[in-house]
Amino acid sequence: MAKNKNYLSGREVRAIAKENAKVMKRLEAEKYRKCEESEYLTQMKDPENILEIDELHTYFFTEQGVVKAVNGVSFNIPKNSTVGVVGESGCGKSVTSMSVMRLLQGPTGQIYSGEIRFNAKKNGEEKVFDIAKMPMGDIHKIRGDQIAMIFQEPMTSLNPVFTIGQQLDEVTFIHNPEATKEQAKEKSIEMLNLVGIAMPERVYNAFPHELSGGMRQRVMISMALASSPRLIIADEPTTALDVTIQAQILDLLRDLKTKIDGSIMLITHDLGVIAEMADYVVVMYAGKVIEQGTVQEIFHDPRHPYTIGLQKSKPTLNSDSDTLFNIPGNVPNPVNMPNYCYFKERCSRCIEKCSGDYPCMVQVSPTHFVACHLYGEGDTNNG
């Protein structure tokens, strides 16, 4: 009787656990080591970028094997720009953002390799940190201060037993320990005003459950802005909101990018939000970047069959069909990823070459890149 390839014997599970334990122990020791700042200081490849993610690998070590949630991701976020990251659920968008923030749940979740270069600026002095190499004891230098995150669900991100004011004041106290209670409150009220809350004093004294979803999301944005970050990571910031409030939040983020003179990494499933907000777009699939370019290139000249499929799956008023388009098939098992193109089994334009090695990233214009065998080096024809 042939062995079921999806079944692991007790011996195999123990072998996987033993190997995982060794790797996790090594990575955890690196995370909590004590070292000089010089060990994680580096240089940006392009000084016009505020963040450079270079060959990032983030893995989760499970009993079934190693889940390569982020498997060699590389992209840049230029200064004063919005970069949209789009893709199906499970493609690695949020894990990439959690890696940048160093919020992965260890010891199972670990940055295995790669670089995350961030151009930090404090008191007029610029330093470039490799976030992937920073020990957890030093990550407070940038997390919440230089890089802030707006989480997907504000109700679960806010503590229900503390008032909005207490939670906002805490941000000021963490990053400015010398601040008095009066100064912290003044800063919190200023932030609430900045995000367009009409009665900031009332909201300051309220508990999270007393506010609507839109108000809670505004509070989360004000908390992210409290330390004047250079980079804001917005992970599905409008998912739980109705359409009218979504539009208000997006307008607010657009205005704030100009006011704080910073950049935004916008993670979303909504292609309409990407089209409206982003300057550059990164399309992810199964833990890899499969296409990236300017928003005009991605929407008006998509190259990868997956990107084309994503756009077709968005309902439009002028569609001739009465059914929604869907990409057939499923994402491959993240534990045992194939060596060939991950999209091969779902692709309608598959060619013989697709059964070979995973495609390299090909440049089709100065700003447009695609990982697909339909395009060769220097090829600018649409397959």
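Residue numbers start at 1 and run along the sequence shown.
Within 6.0 Å of NZ in Lys344 there are more than 12 heavy atoms belonging to other residues, nucleotides or ligands. Around OH of Tyr112, the count of heavy atoms belonging to other residues, nucleotides or ligands within 6.0 Å does not exceed 12.
The ring-ring contact (aromatic ring centres under 6.0 Å, His included) test applied to Phe75 returns no partner, not counting sequence neighbours. In this structure Lys133 satisfies the salt bridge (charged side-chain N to carboxylate O under 4.0 Å, His left out) test together with Asp130, sequence neighbours excluded.
Side-chain contact check for Ser365 and Glu297: at least one donor-acceptor pair (N or O, by modelled atom type) lies under 3.5 Å.
Linking Ile, Leu, Val, Met, Phe, Trp and Tyr residues whenever their side-chain heavy atoms come within less than 4.5 Å places Leu103 and Phe60 in a single cluster.
Checked against the 6.0 Å centroid threshold, Phe129 and Phe118 do not count as a close aromatic pair.
In this structure, CD in Glu52 is found 11.5 Å from CD1 in Ile131, a value given to the nearest 0.5 Å. In this structure, Arg143 CZ and Met136 CE are separated by 5.0 Å, a value rounded to the nearest 0.5 Å.
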Residues 194-207, side-chain donor-acceptor partners within the protein, below 3.5 Å, at least two apart:
{"unit_1": "Tyr204", "atom_1": "OH", "unit_2": "Asp169", "atom_2": "OD1", "d": "3.3"}
{"unit_1": "Tyr204", "atom_1": "OH", "unit_2": "Asp169", "atom_2": "OD2", "d": "2.4"}
{"unit_1": "Asn205", "atom_1": "ND2", "unit_2": "Glu201", "atom_2": "O", "d": "3.0"}

- Stepwise, does the salt bridge (Lys or Arg N to Asp or Glu O under 4.0 Å) test hold for Lys22 with Glu19? CA-CA 5 Å; Lys22 287 195 294 185; Glu19 183 60 31; 3.6 Å; yes

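In summary, Glu30 and Arg33 do not engage in a salt bridge, as defined by a charged side-chain N under 4.0 Å from a carboxylate O.
A pairwise comparison of heavy atoms in Ile351 and His373 identifies CD1-O, 3.8 Å as the closest pair.
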